[in-house]
Amino acid sequence: MKKIEFILILFFTGLCFNGFGQLGGEGSYFWNSTSVTYAINGKTEITLSHKDQYSNQIDHLEFFYFDLAAYHKIFNSFSLGLGLRQNASYKSGDWNPGNTYLFYGVYYIPNGNFKIRFSNRIAIRTYKISDTQYTFDNNTTFDFFAKSKSKIPKPYLQDEIFTNLNVWKVQTVRVYVGLHVFKRPHWALDIYYCLQETRPSWVWKSYDTYGLSTKFYI
């Protein structure tokens with residue numbers, strides 16, 4: 001079974017990366033993320049994450065980050081978190097590096113086979129060649145069949161809303177439809193589609209995003 005799972009991970013990874021040229025048209029992205037979570041005890045955990053965002057509009061890696069975050073349970077259904085992110089965005093043929101300081105409040109609602117996770121975040125984004133940006137971000141995830149022991153892929157829905165506090169406007173909205181393809185005690189694999197609406201100015205633009213997320217637990 002472990003050999004089969006390993007082969008499937010390689011298959012999904014290769015399929016997504018080889019699909020760059022086929023996604024082709026205007027307005028599409030591919031995102032690939034990996035995280036490793038270490039549980040210090042029953043209340044505190046540390047997560048190291050990496051994400052690449054590849055743009056088919058410019059046929060180039062457009063954004064990536066590495067971040068380290070720590071979460072501590074205050075109550076069974078509520079956690080606080082702190083994070084530091086190093087990131088870089090690619091614009092006009094050059095990379096703009098920066099740091100992001102993250103402050104989390106995470107609330108969980110378990111309800112049998114249906115689980116809801118609300119995450120609110122304040123982010124302070126500093127860049128080498130552009131102004132500091134302050135945002136308030138919300139992430140809500142709905143997991144279906146959360147307690148099912150079946151190995152059949154489990155569906156989930158997710159949304160993200162990013163509000164730019166510099167100008168007090170919602171700047172990006174993302175809606176995800178995904179599958180928890182594998183979920184094992186020490187690793188998990190998700191695939192998803194995301195409709196992203198964003199407005200760098202005052203005009204909204206839509207993008208299709210295809211993603212792969214791999215998670216490891218220690």
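- With a 4.5 Å cut-off on side-chain heavy atoms, Y207 and Q57 count as touching.
- The CZ atom of F145 sits 9.5 Å away from atom CD1 of I152, with the distance rounded to the nearest 0.5 Å.
- Within a 6.0 Å sphere centred on NE2 of H60, heavy atoms belonging to other residues, nucleotides or ligands number more than 12.
- Within a 6.0 Å sphere centred on CD of E197, other residues, nucleotides and ligands contribute more than 12 heavy atoms.
- Applying the 6.0 Å contact sphere to OH of Y65 captures more than 12 heavy atoms from other residues, nucleotides or ligands.
- What you find for H180 and D143 is that their closest heavy atoms are NE2-OD1, 2.5 Å.
- A donor-acceptor pair is defined here as one N or O able to donate and one able to accept, closer than 3.5 Å; such a pair exists between the side chain of S148 and the backbone of S150.
- At a threshold of 4.5 Å between side-chain heavy atoms, the hydrophobic network of Ile, Leu, Val, Met, Phe, Trp and Tyr places V175 and L212 in two separate groups.
- Shortest non-hydrogen contact noted between N41 and T44 is OD1-N, 2.8 Å.
- Relative orientation of the F114 and F144 rings is tilted, given thresholds of 30° and 60° on the angle between their planes.
- With hydrogens and angles ignored, the 3.5 Å screen pairs no side-chain donor or acceptor of R85 with any backbone N or O of S49.
- In this structure, Y90 and I58 have side chains that are in contact, with non-hydrogen atoms separated by less than 4.5 Å.
- By the criterion of side-chain heavy atoms lying less than 4.5 angstrom apart, applied directly or through intervening Ile, Leu, Val, Met, Phe, Trp or Tyr residues, L179 is grouped together with W187 in one hydrophobic cluster.
- For the 3.5 Å distance criterion, the side chains of N139 and T141 qualify, holding a donor opposite an acceptor.
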> How far apart are the C-alpha atoms of K115 and Y108, what are their side-chain angles, what is the distance that settles it, and do they pass the side chain to side chain contact (heavy atoms under 4.5 Å, CB included) test?
Replying inline: CA-CA 8 Å; K115 184 171 66 175; Y108 307 89; 5.7 Å; no

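- At a threshold of 4.5 Å between non-hydrogen side-chain atoms, the residues I124 and F103 count as touching.
- Under the 4.5 Å side-chain criterion, counting only non-hydrogen atoms from C-beta, V170 is in contact with I161.
- Side chains of Y127 and N99: a donor-acceptor N/O pair is absent below 3.5 angstrom, by distance only.
- The aromatic rings of F66 and F64 lie perpendicular to each other, with more than 60° between the two planes, well past the 30° mark.
- Considering CD1 of I191 and OH of Y210, their distance stands at 12.5 Å, rounded to 0.5 Å.
- Heavy atoms only, all atoms of each residue included: Y217 and P185 are closest at CB-O, 3.8 Å.
- For the atom pair R174 CZ and L195 CG, the distance stands at 11.5 Å (nearest 0.5 Å).
- Counting only N and O atoms by type, the side chains of T37 and T47 include a donor and acceptor under 3.5 Å apart.
- Counting only heavy atoms from C-beta outward, the side chains of F118 and I109 approach each other to under 4.5 Å.
- Between the OH atom of Y29 and the CG atom of N56 there is a distance of 9.0 Å, given to the nearest 0.5 Å.
- Counting non-hydrogen atoms of other residues, nucleotides and ligands closer than 6.0 Å to NZ of K147 gives a total of 12 or fewer.
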>> Could you walk me through whether R125 and N87 satisfy the side chain to side chain contact (heavy atoms under 4.5 Å, CB included) test, starting with their C-alpha distance in whole Å, then the side-chain angles of each, then the deciding distance to 0.1 Å, before giving a yes or no?
In response: CA-CA 9 Å; R125 296 178 167 86; N87 49 259; 5.8 Å; no

>> S119 vs Y104, test: side chain to side chain contact (heavy atoms under 4.5 Å, CB included). Steps then yes/no.
In response: CA-CA 7 Å; S119 176; Y104 295 91; 3.9 Å; yes

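- Using a 4.5 Å heavy-atom cutoff, the side chains of K51 and F63 are not in contact.
- Interatomic distance, K205 NZ to R199 CZ, rounded to the nearest 0.5 Å: 13.5 Å.
- Counting heavy atoms from C-beta on, the side chains of W31 and S213 never come closer than 4.5 Å.
- Side-chain contact check for E160 and Y176: at least one donor-acceptor pair (N or O, by modelled atom type) lies under 3.5 Å.
- When hydrophobic clusters are built by joining Ile, Leu, Val, Met, Phe, Trp and Tyr residues whose side-chain heavy atoms come closer than 4.5 Å, directly or via intermediates, L102 is grouped together with V106.
- Between the side chains of T198 and Q196, not a single donor N or O lies within less than 3.5 Å of an accepting N or O.
- Cluster annotation: L165 is not connected to V173 through the hydrophobic network of ILVMFWY side chains, with a link wherever side-chain heavy atoms come within less than 4.5 Å.
- For the pair L61 and W95, the tightest heavy-atom approach, listed with the atom from each and the gap, is O-CH2, 3.4 Å.
- With contacts defined as side-chain heavy-atom distances shorter than 4.5 Å, the pair T172/N164 does not qualify.
- Both L82 and Y101 sit in one connected hydrophobic cluster of ILVMFWY residues. Membership requires side-chain heavy atoms under 4.5 Å apart, directly or through other members.
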>> Could you walk me through whether R121 and D67 satisfy the salt bridge (Lys or Arg N to Asp or Glu O under 4.0 Å) test, starting with their C-alpha distance in whole Å, then the side-chain angles of each, then the deciding distance to 0.1 Å, before giving a yes or no?
In response: CA-CA 14 Å; R121 179 178 74 183; D67 72 19; 5.9 Å; no

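- Of the possible polar contacts, one joining the N96 side chain to the I129 backbone as a donor-acceptor pair under 3.5 Å is found.
- In terms of heavy atoms, S77 sits closest to Y107 at O-CD1, 3.1 Å.
- I116 approaches F142 most closely through the heavy-atom pair CG1-CD2, 3.9 Å.
- With T140 as the fixed residue, the side-chain contact (heavy atoms from CB on, under 4.5 Å) test singles out one of D159, L157, N120: D159.
- One finds the CZ atom of F75 at 9.5 Å from the NZ atom of K43 (value rounded to the nearest 0.5 Å).
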